[in-house]
There are 2 protein chains.
Amino acid sequence: MIETERWLELLEEKGGRITGPRKAIVELMVKADHALSPVDVFDQARSKYPKMGLVTVYRTLEILSELGLVERVHQQDGCHMYLRAANGHEHLLICSRCGKAAYFSGDDLSVLIDRISSESGFVIQSHWLQLQGICQKCQPKKFQTPIE
Amino acid sequence: MIETERWLELLEEKGGRITGPRKAIVELMVKADHALSPVDVFDQARSKYPKMGLVTVYRTLEILSELGLVERVHQQDGCHMYLRAANGHEHLLICSRCGKAAYFSGDDLSVLIDRISSESGFVIQSHWLQLQGICQKCQPKKFQTPIE
DNA sequence: AATGATAATGAAAAACATTTTCAATAAGGA
DNA sequence: TCCTTATTGAAAATGTTTTTCATTATCATT
């Protein structure tokens, strides 16, 4: 649970208060290994903090996002899921069926980025590399009709 | 305008009808070099087809998207812009200020993908590589990167 | 421990974005 | 030209996110 503490300390350093709803959301996001929508977070967090409001989930995800601890996940069927942010040069590998997340590193895009920068005249600010696939658990079900 | 014809032919082959609203939207998307929201498309397309409804824009973008001709653009401040889809192994370079799009190629992620696939157990379906930056027009002059 | 300033909360309402419904229209084969 | 049916626009519905505001709770200061 050391990671939870770290997130809460960062929140505090930024001038935020540590509250019940925030603790519940942080605990949940720290250990989430599947992308979660605000409503997913809301539902799960209410078991720890039943008075939780959905608005607080939105607000807390925004703060965690500003702190770089959480990131919105981009998927072909929408972009309203959240996940622990990638650290350093990690990139996301995500299951397009169940949202299971894995992180990988090992690419080196710096040469490419330098080249594109000078060819295009753009000042490159960030890059985004993500792999979509089907995780092991979902593979036997690959040919089933997707859940609606 | 040969590209416009190609899009319309693909639409027709798919069993769709070629209509005024669709022609207006296709012409616009073919030559768009900035990411456009459905409302942007709506506004621009109405100059060619004043009766255009916003719903038709949504529907047409969806069809063009199914045909692989148009793609939703993912940006940190939202994912409701559209752009001509990348062809083949092209990837998108987008200005985070004005939405100006450029495409690049020259990466080879296949080795990385094979490695991640076997390490993670995921069956990799697709990959997304995108660079975010500031285009030349949006840069303060003193920071401009000269094009080579 | 009690106090007080104010940050954070939840509920309701508002603001957006997108989709569905449906009657009227128009595309394009017969 | 006719006829079938895909397409359209308007309105309503749906879904997501943000704003507003009165109440509550945190935590620095006593």
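The chains referred to below are lettered A, B, ... by the order of the sequence lines, with proteins before strands, and numbering in each begins at 1.
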Participant: Same cluster or not: B:M52 versus B:L61, using hydrophobic residues (I, L, V, M, F, W, Y) connected whenever any side-chain heavy atoms lie under 4.5 Å apart?
Facilitator: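 Yes, B:M52 and B:L61 fall within the same hydrophobic cluster.
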Participant: Would you please name every residue forming a side-chain contact (heavy atoms from CB on, under 4.5 Å) with A:H89, sequence neighbours left out?
Facilitator: none
Participant: State which residues pass salt bridge (charged side-chain N to carboxylate O under 4.0 Å, His left out) with B:K23; sequence neighbours excluded, sorted by chain then number.
Facilitator: none
Participant: For A:P38 versus A:V57, what's the shortest heavy-atom pair and its separation?
Facilitator: O-CG1, 3.5 Å
Participant: Test: ring-ring contact (aromatic ring centres under 6.0 Å, His included). Region: residues 92-117 of chain B. Which pairs qualify, not counting sequence neighbours?
Facilitator: B:H91-B:F104
Participant: Check each residue of residues 54-82 of chain A for a non-hydrogen atom within less than 4.0 Å of any atom in DNA chain C, then write out the ones that pass by number, or none.
Facilitator: A:V55, A:T56, A:R59
Participant: Output every pair passing salt bridge (Lys or Arg N to Asp or Glu O under 4.0 Å) with a member in residues 37-62 of chain B, not counting sequence neighbours, ordered by first then second residue.
Facilitator: B:E27-B:K48, B:D43-B:R46
Participant: Taking any atom under 4.0 angstrom from a heavy atom of chain B, which nucleotides of DNA chain C are the first and last to qualify, 5' to 3'?
Facilitator: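 It runs C:dA17 to C:dG28.
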Participant: Scan nucleotides 25-30 of chain D nucleotide by nucleotide, 5' to 3', and note B when protein non-hydrogen atoms come under 4.0 Å of the base, S if they reach only the sugar-phosphate, - if neither.
Facilitator: BBS---
Participant: Checking A:S96 against A:Q75: is there a side-chain donor and acceptor pair closer than 3.5 Å?
Facilitator: no
Participant: For residues 68-94 of chain A, which residue pairs pass the salt bridge (Lys or Arg N to Asp or Glu O under 4.0 Å) check, not counting sequence neighbours?
Facilitator: A:R84-A:E90
Participant: Do any pairs count as a ring-ring contact (aromatic ring centres under 6.0 Å, His included) and have a residue in residues 43-88 of chain B, sequence neighbours left out, and if so which ones?
Facilitator: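 For residues 43-88 of chain B: A:H74-B:H74, A:W128-B:H74, B:H74-B:W128.
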Participant: Provide the full list of salt bridge (Lys or Arg N to Asp or Glu O under 4.0 Å) pairs with a residue in residues 8-22 of chain B, sequence neighbours left out, each pair given once.
Facilitator: B:K14-B:E66
Participant: Compare all side-chain heavy atoms of B:L109 with those of A:L129 and state whether any distance is below 4.5 angstrom.
Facilitator: yes
Participant: Find the bend of the helix from C:dA1-D:dT30 to C:dA30-D:dT1 as the angle between its two terminal axes (five pairs each), to the nearest 10°.
Facilitator: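 Both end axes considered, the difference amounts to 40°.
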Participant: Hydrophobic side-chain clustering at under 4.5 Å (ILVMFWY, transitive links): who's grouped with A:I2? Put none if nobody.
Facilitator: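 Noted: A:I2 shares its cluster with no other residue.
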Participant: Please give, in whole Å, the distance from D:dT8 P to B:R46 CZ?
Facilitator: 16 Å
Participant: Is any side-chain heavy atom of A:F122 closer than 4.5 Å to one of B:Q132?
Facilitator: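 When only atoms from C-beta onward are counted, A:F122 and B:Q132 do not touch, as no gap falls below 4.5 Å.
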Participant: Could you tell me the separation between the CE atom of B:M52 and the P atom of D:dT7, rounded to a whole number of Å?
Facilitator: 14 Å
